[in-house]
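In this chain, residues are counted from 1 in sequence order.
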Amino acid sequence: QVQLVESGGGLVQPGGSLRLSCAASGSIRSIYTITWYRQAPGKQRELVAAITSGGSINYARPVKGRFTISRDNAKNTVYLQMNSLKPEDTAVYYCNYQAYAGPAYWGQGTQVTVSS
């Protein structure tokens with residue numbers, strides 16, 4: 001069983017920055033993927049960025065070049081640095097943990113609002 005706690009969301013102006021954190025605890029397996037998803041009102045949930053236990057990284061096209069996913073293994077924490085934020089980035093951001101051949105776990109979500 002894995003618990004995920006997200007933090008760092010808030011209100012920011014267009015062009016601003018936020019850093020989201022996803023702290024994981026519990027039965028962390030050696031092979032896993034942590035993925036940031038987001039969902040805006042009226043929109044489907046979409047993948048934002050992902051990082052594996054082996055260090056592989058993947059970004060969705062809309063955020064590539066603006067967002068950076070990273071990890072701190074000592075703290076079991078994954079970060080999403082969000083720069084040059086746009087209004088279309090407004091969404092609830094969720095952290096997802098997926099172990100190889102295991103179930104998925106979700107954080108509670110954190111609201112990111114980009115508005116003037």
Side-chain angles (χ1 to χ4, degrees):
Q1 188 170 336
V2 174
Q3 297 81 44
L4 304 173
V5 179
E6 297 151 322
S7 61
L11 175 65
V12 66
Q13 297 182 54
S17 298
L18 287 172
R19 189 180 74 160
L20 306 184
S21 298
C22 175
S25 61
S27 301
I28 308 300
R29 298 183 67 179
S30 59
I31 303 175
Y32 62 84
T33 299
I34 293 181
T35 304
W36 286 100
Y37 290 88
R38 66 186 183 187
Q39 187 166 27
K43 294 279 190 176
Q44 292 187 359
R45 184 178 60 204
E46 64 175 339
L47 185 149
V48 178
I51 187 167
T52 72
S53 52
S56 297
I57 292 172
N58 189 38
Y59 296 101
R61 289 183 184 272
V63 308
K64 191 173 183 179
R66 299 188 296 121
F67 292 8
T68 302
I69 190 169
S70 62
R71 64 179 180 176
D72 184 336
N73 288 334
K75 296 182 177 181
N76 281 330
T77 299
V78 172
Y79 303 96
L80 185 67
Q81 179 66 46
M82 309 164 68
N83 298 327
S84 301
L85 283 162
K86 304 175 180 179
E88 48 264 47
D89 295 318
T90 296
V92 178
Y93 284 70
Y94 297 93
C95 183
N96 171 276
Y97 168 93
Q98 176 71 66
Y100 179 75
Y105 297 90
W106 293 88
Q108 79 285 356
T110 184
Q111 176 71 50
V112 172
T113 302
V114 185
S115 176
S116 299

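Nearest approach of Trp36 to Cys22, heavy atoms of both residues: CZ2-CB, 3.6 Å. Shown here for Ala104 and Gln98, the closest heavy-atom pair between the two residues is CB-OE1, 3.4 Å. Annotation for Gln108 and Tyr94: closest pair O-CE2, 3.8 Å, computed over non-hydrogen atoms. When all heavy atoms are compared, the tightest approach of Arg71 to Ser53 is NH1-O, 2.5 Å. When all heavy atoms of Trp106 and Leu4 are compared, the pair lying nearest together is C-CD1, 3.8 Å. The two residues Leu18 and Leu85 have their closest heavy-atom pair at N-CD1, 3.9 Å.
To the nearest 0.5 Å, the span separating OG on Ser116 from CG on Leu11 amounts to 9.5 Å. Taking CD1 of Ile57 as the start and OG1 of Thr52 as the end, the distance is 8.0 Å to the nearest 0.5 Å. Distance check, rounded to the nearest 0.5 Å: CG of Leu80 to CD of Glu6 gives 10.5 Å.
Hydrophobic clustering (side-chain heavy atoms under 4.5 Å, transitive across Ile, Leu, Val, Met, Phe, Trp, Tyr) groups Val78 together with Val112. Neither Tyr79 nor Tyr97 shares a network with the other; the hydrophobic side chains, linked directly or stepwise wherever heavy atoms of I, L, V, M, F, W or Y lie under 4.5 Å apart, form separate groups for each. Connection of Ile51 to Val2 is established within a shared hydrophobic cluster, with ILVMFWY side chains joined at heavy-atom distances below 4.5 Å, either directly or through further cluster members.
Under a 3.5 Å cut-off, the side chain of Gln1 and the backbone N or O of Gly26 do not form any donor-acceptor pair.
For CD of Glu46, the number of neighbouring non-hydrogen atoms (other residues, nucleotides, ligands) closer than 6.0 Å is greater than 12.
Two residues are said to be in side-chain contact when any heavy atoms from C-beta on lie closer than 4.5 Å; Arg38 and Val63 meet this criterion. Using a 4.5 Å cut-off on side-chain heavy atoms (C-beta onward), Gln111 and Thr90 make contact. Contact check for Val12 versus Ser17: no side-chain heavy atoms found under the 4.5 Å cut-off.
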Pair Val48-Met82, side-chain contact (heavy atoms from CB on, under 4.5 Å): steps then yes or no: CA-CA 11 Å; Val48 178; Met82 309 164 68; over 6 Å; no

side-chain hydrogen bond (donor to acceptor under 3.5 Å, both in side chains) between Asn83 and Gln81, worked out: CA-CA 6 Å; Asn83 298 327; Gln81 179 66 46; 3.0 Å; yes

Asn76 and Ser25: CA distance, side-chain angles, deciding distance, side-chain contact (heavy atoms from CB on, under 4.5 Å) verdict: CA-CA 7 Å; Asn76 281 330; Ser25 61; over 6 Å; no

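Screening Thr110, Thr77, Ile34 for a side-chain contact (heavy atoms from CB on, under 4.5 Å) involving Cys95 leaves a single residue, Ile34.
In summary, the aromatic rings of Phe67 and Tyr59 are positioned with their centroids too far apart to meet the 6.0 Å limit.
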